[in-house]
Amino acid sequence: MKIKRYCSCLCAIVITSFCASAQLDLGNLLNSGLQTIQNATASTKFDVKDLVGTWIYTSPAVSMKGDNALANIGGAAAATTIENKLSPYYQKLGLQNTKLTVNNDLTFTMNAGAAKLSGTIEKSGDNLVFNFSAFGKITIGKVDCLATKSGSTLNLTFDSSKLLSIIKKVSSLASNTSISSISSLLSNYDGLYLGAKMKKTS
C-alpha cells in the first residue's frame with residue numbers, strides 16, 4: 001500500500017513538473033511569435049507627432065538599413081532571434097530601464113541605463129534624425145534612426161557602432177565587456193541597426 005502511495009506521489013510530481021515546463025516553453029514560444037509578428041507588421045509610415053508622449057523599453061530591437069531582408073516573416077523571425085540574444089547584455093548595461101519622453105515641440109529626454117540624453121527629433125523621409133546632447137551641455141551630434149511603429153509599439157534603431165559609442169561615452173557605468181560582446185554578436189550581420197522596442201504609456 002505504501003509503495004502504491006509513493007508511486008502515485010512520484011507520478012503526480014513528474015506530471016506537475018512536465019506541465020510547468022510545457023507552460024514555460026509555450027509562454028516563450030508565444031512571446032517570440034508575438035515579437036516576430038510585430039517585426040513583420042511594423043511600418044515607417046507614421047507622423048512624427050505620433051512620437052509625442054512617454055515611451056518605456058520592452059525589449060531589444062534590430063533592423064537593417066537599405067535592405068528589405070528583415071521586412072518579411074522569415075527576416076522578422078531572424079530579427080527576433082538576434083533580439084533575444086541581445087537581451088542579457090541589455091540587462092547588464094541597465095538598458096531595460098530605458099525611458100523616452102518626447103514633447104510637443106519634438107524635444108526629447110532619454111534615460112538609457114546610466115546615460116542621460118536630451119535633444120531634438122526631426123523626420124527625414126521615412127527615417128528620424130536624433131540630435132543628441134548629454135547633460136544639457138555636451139553636443140554629441142545627429143544620428144540617423146530607423147523607426148517603425150506597430151500599434152502602440154515603437155521600434156527605434158540606430159547605427160550600432162554609433163549607439164554603443166554614445167552609451168560608452170556618456171555612461172561611466174557601461175560595461176566594456178558587455179559592449180564588446182554586443183559588438184562581436186553584431187559583427188556577423190552587415191548593416192544591422194540596434195535599439196529598442198518601446199511601449200507608449202502616456
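Just so you know, these numbers come straight off a predicted model, no measurement behind them.
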Whether the side chain of [X] engages the backbone of [Y] through a donor-acceptor N/O pair (distance < 3.5 Å, no angle test) should be reported.
X	Y	result
K85	S87	no
N84	T81	no
E122	F130	no
T54	T101	no

When you compare the side chain of [Y] with that of [X], does any pair of heavy atoms fall below 4.5 Å?
X	Y	value
L86	V62	yes
F158	L194	no
N127	D144	no
V48	L106	yes
M198	T58	no
I56	T98	no
L93	I182	yes

Looking at [atom1] of [X] and [atom2] of [Y], how far apart are the two atoms once the value is rounded to the nearest 0.5 Å?
X	Y	atom1	atom2	value
E83	S59	CD	OG	5.5 Å
K99	T201	NZ	OG1	7.0 Å
N111	L117	CG	CG	8.0 Å

Where [X] and [Y] come nearest, the two heavy atoms and their spacing:
X	Y	answer
W55	T153	CZ3-C, 4.5 Å
L192	S160	O-OG, 3.7 Å
G195	Y90	O-OH, 2.6 Å
V129	S124	CG2-CB, 3.9 Å
P60	K197	O-NZ, 3.8 Å

Do the ring planes of F108 and F132 sit parallel (below 30°), tilted (30 to 60°) or perpendicular (above 60°)?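 Answer is perpendicular, since the angle exceeds 60°.
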Membership question, hydrophobic clusters at under 4.5 Å side-chain separation (ILVMFWY): are I82 and Y57 in the same one?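 The answer is yes; both residues are in one hydrophobic cluster.
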Among T148, L128, L146, exactly one meets side chain to side chain contact (heavy atoms under 4.5 Å, CB included) together with L156. Which residue is that?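 It is L128, the one option of T148, L128, L146 that forms the side chain to side chain contact (heavy atoms under 4.5 Å, CB included) with L156.
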With side-chain contact (heavy atoms from CB on, under 4.5 Å) as the test, would you mind laying out the steps for S152 and K199 before giving the verdict? CA-CA 6 Å; S152 59; K199 192 86 170 176; 3.1 Å; yes
Can you confirm whether K200 is buried at NZ, in the sense that more than 12 heavy atoms of other residues, nucleotides or ligands lie under 6.0 Å from that atom?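 Correct, the count exceeds 12.
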Let me know which of D105, T109, N104 forms a side chain to side chain donor-acceptor pair (under 3.5 Å) with T107.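 Result for side chain to side chain donor-acceptor pair (under 3.5 Å) with T107: D105.
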May I ask you to establish whether K123 and F46 are in a cation-pi arrangement, using a distance under 6.0 Å from NZ or CZ to the six-membered ring centre and at most 45° from the ring axis?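 Cation-pi check for K123 and F46: passes.
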